[in-house]
Amino acid sequence: LNFFMAVSAVMAVRAADDKLRQSQSKGNPWMYNLTHATLIGFGGGAFAPLLLARPSGLLAGGDFVALSSFVAYWLVFHSPFDVGYSVFSFLPLKIWTVMVSQLF
């Protein structure tokens, strides 16, 4: 489920980055995009327990969160021939990704 949440966030960041590239012919740096996607996908699950003074499993044992964010980022932004972006832009798969990511 973490992977689908990461894919949804990375697709949103890619759409914003593509819009920025059209207007300025220069996109955001890769670290900004990766951090932005991770905060969009997992920000609530990471920061809400901190505000409640409870340790967060996403920050303490968040290896799978970091791995799923990085894999989703690579698939959408850097896969050969833009295969990852094309696959996840396909409407039935986009609907499935959003549906499964909302279970988290």
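Just so it is clear, the values below take in all heavy atoms, side chains as well, and ignore hydrogens, waters and symmetry mates.
No chain of hydrophobic side-chain contacts below 4.5 Å, direct or via other Ile, Leu, Val, Met, Phe, Trp or Tyr residues, connects Leu103 to Val98. Transitive grouping of hydrophobic side chains (ILVMFWY, heavy atoms separated by less than 4.5 Å) keeps Val100 and Leu91 in distinct clusters. Tracing side-chain contacts under 4.5 Å through hydrophobic residues (I, L, V, M, F, W, Y), one reaches Phe3 starting from Val83; they form part of the same cluster. In the hydrophobic cluster analysis, where Ile, Leu, Val, Met, Phe, Trp and Tyr join through side-chain heavy atoms closer than 4.5 angstrom, Leu52 is grouped apart from Phe42. One hydrophobic cluster, built from ILVMFWY side chains closer than 4.5 Å, holds both Met31 and Phe70.
Applying the salt bridge (charged side-chain N to carboxylate O under 4.0 Å, His left out) test to every pair with at least one member in residues 71-85, sequence neighbours left out, gives these pairs: Arg14-Asp82.
You'll find the side chain of Trp74 stays beyond 4.5 Å of the side chain of Ser69, heavy atoms only. The closest side-chain heavy-atom distance from Leu75 to Tyr85 is not below 4.5 Å. Between Val13 and Phe77 the shortest side-chain heavy-atom distance falls below 4.5 Å.
Looking at residues two or more places apart in sequence or on another chain, you find no side-chain hydrogen bond (donor to acceptor under 3.5 Å, both in side chains) involving Thr97.
The aromatic rings of Trp30 and Tyr73 are tilted relative to each other, their planes meeting at an angle between 30° and 60°.
Atom OG of residue Ser79 and atom CZ of residue Phe88 lie 9.0 Å apart, to the nearest 0.5 angstrom. Atoms OG1 and CD1, from Thr35 and Ile40 in turn, are 11.0 Å apart once rounded to the nearest 0.5 Å. The line from CG of Asn33 to CG of Asp17 is 4.5 Å long, rounded to the nearest 0.5 Å. Rounding to the nearest 0.5 Å gives a distance of 10.0 Å between OG of Ser8 and NZ of Lys94.
Nearest heavy-atom pair, Ser89 versus Met11, reported as atom, atom and distance to 0.1 Å: OG-CE, 3.4 Å.
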